[in-house]
Amino acid sequence: MILSKFGQKMTQKSGILQLMDDLGTALTADKPINMLGGGNPAVIPAVNDIFQQAFEQLGSDFLNSAGNYSTPQGDKAFIEALADFLNRHYHWGVSAANIALTNGSQNAFFYLFNLFSGEYADGTNKKILLPLAPEYIGYADVHTQGQHFVASKPLIEDVDYQGQSGFYKYRVDFDRLVVDDSIGAICCSRPTNPTGNVLTDDEMYHLARLAEDNGIPFIVDNAYGMPFPNILFTNATLSWNPNMIMCLSLSKIGLPGLRTGIIVADEPVIHAVSALNAIVNLSPTRFGAAITTKLIKNDMLKTLSDRYIQPFYRQKADYAIALLKKALGDTPMKIHCPEGAIFPYELCPK
Ligand code: PLP
């Protein structure tokens with residue numbers, strides 16, 4: 001089989017292909033498996049019960065959704081409920097015109113990175129700036145031509161966690177960060193996969209300013225952040241402005257199979273994403289929207305996140321740390337301060 005350059009690039013071995021293959025294969029293994037890797041969310045019975053009930057109560061709404069395409073922008077009722085939710089809780093002043101859905105947020109990053117980097121009409125080539133590395137492995141191979149990332153090494157600061165020493169935290173090294181004409185957008189995940197780092201409000205403010213001053217968007221991957229799944233163990237606020245492209249997902253609340261990603265952005269970005277949706281997917285999937293629209297309207301998704309999801313992962317993080325410390329004994333090591341997300345925490349030699 002002879003493939004185009006695009007075909008060759010997209011079918012080569014990639015980290016994310018290997019990871020997702022491993023996760024899927026593990027699920028069908030005939031031996032009991034402890035899912036310790038990847039971003040697959042855990043089963044949390046109290047949360048799953050609510051999703052099961054929401055599914056059973058769908059009634060005729062099921063066929064209204066499953067039996068019809070939405071517009072390329074996504075399910076209207078869900079988008080309106082979400083705009084109302086975001087204004088009620090965060091006063092963002094957004095309307096339905098600021099929200100588009102995608103088939104998972106991975107799908108959103110494929111669109112966004114190809115929209116804001118690569119070759120431009122004036123002949124320039126632009127890159128996505130990751131202001132703090134390590135970053136999410138799933139970004140690595142999404143470009144249709146070449147690789148278009150530039151990453152910046154973090155500062156490493158010793159910190160305490162719950163009164164214990166032996167932890168560190170990554171911080172953006174603003175002195176090293178260069179934003180010039182070769183940068184098409186700034187992007188970060190917050191909380192970060194894989195380190196569990198949460199960029200501080202101050203760092204977010206500075207990154208947002210940098211992006212705005214340079215006339216480029218600031219893409220925020222909020223897959224683990226507020227308001228759902230809210231897997232945050234540190235104080236952080238969630239803000240948005242029209243220069244930000246905020247990406248959310250229904251995956252980490254426990255519904256990854258429904259492939260529902262959400263983009264909150266200025267209207268031209270929403271138009272661009274909708275146009276891509278039409279070409280790539282006709283319209284995004286509606287099942288996640290069907291299950292969760294009521295749960296957004298009555299704040300249940302937020303309540304589940306605050307009451308069950310966040311404490312569940314916090315407890316797991318503390319347990320993982322206790323196990324690590326016990327198992328590694330006096331081995332010199334430091335652990336990245338667990339500030340959020342769902343990962344076994346990064347270690348570095350002391
Ligand atoms: N962003 C981060 C940081 C992730 O860890 C993941 C998945 O693991 C995603 C985005 C993509 O998730 P989804 O496409 O299921 O929304």
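Residues take their numbers from the sequence shown, with the count starting at 1. All of these numbers come straight from a predicted model, not from anything done at the bench. One-based numbering, in listed order, for ligands and for the atoms of each.
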Residue pairs meeting ring-ring contact (aromatic ring centres under 6.0 Å, His included), one or both in residues 118-139, sequence neighbours left out, come to F109-Y139, F113-Y139, Y136-Y139
Looking just at side-chain N and O atoms, do T200 and D202 make a donor-acceptor pair shorter than 3.5 Å?
no
Among all protein heavy atoms, pick the one closest to atom 3 (C) of ligand 1 and tell me residue, atom and distance.
D221 OD2, 3.3 Å
Atom 11 (C) of ligand 1 [closest protein heavy-atom partner, distance rounded to 0.1 Å]:
S105 OG, 3.4 Å
Looking only at protein heavy atoms, which one is nearest to atom 15 (O) of ligand 1, and what is the separation?
S251 OG, 2.6 Å
Near Y224 (heavy-atom distance under 4.0 Å), the atoms of ligand 1 are 2 (C), 3 (C), 4 (C), 5 (O), 8 (O)
Exam field: side chain N103 to backbone T285, donor-acceptor pair closer than 3.5 Å:
yes
Mind checking whether Y168 and H336 have parallel, tilted or perpendicular rings, split at 30° and 60°?
perpendicular
Can you find a side-chain donor-acceptor pair between Q164 and K325 that sits under 3.5 Å?
yes
Number the atoms of ligand 1 from 1 as they appear, then name those within less than 4.0 Å of a heavy atom of S249, with their elements.
13 (P), 16 (O)
Considering heavy atoms of the protein only, find what lies nearest to atom 7 (C) of ligand 1 and give residue, atom and distance to 0.1 Å.
K252 NZ, 2.9 Å
Nonpolar side-chain network containing L282, other nodes, edges under 4.5 Å
Y69
Please report the C-alpha distance between N87 and V94 in whole Å, then the side-chain angles of each, then the deciding distance to 0.1 Å, and finally whether the side chain to side chain contact (heavy atoms under 4.5 Å, CB included) criterion is met.
CA-CA 7 Å; N87 292 336; V94 290; 3.5 Å; yes
Is it the case that ligand 1 has an N or O less than 3.5 angstrom from some N or O of R259?
yes
Atoms in ligand 1 flagged as close to N193, the criterion being non-hydrogen separation under 4.0 Å
3 (C), 4 (C), 5 (O)
What residue and heavy atom of the protein are closest to atom 9 (C) of ligand 1, and at what distance?
Y136 OH, 3.5 Å
Considering the heavy atoms of G104, write down every atom of ligand 1 situated less than 4.0 Å from one of them.
14 (O), 16 (O)
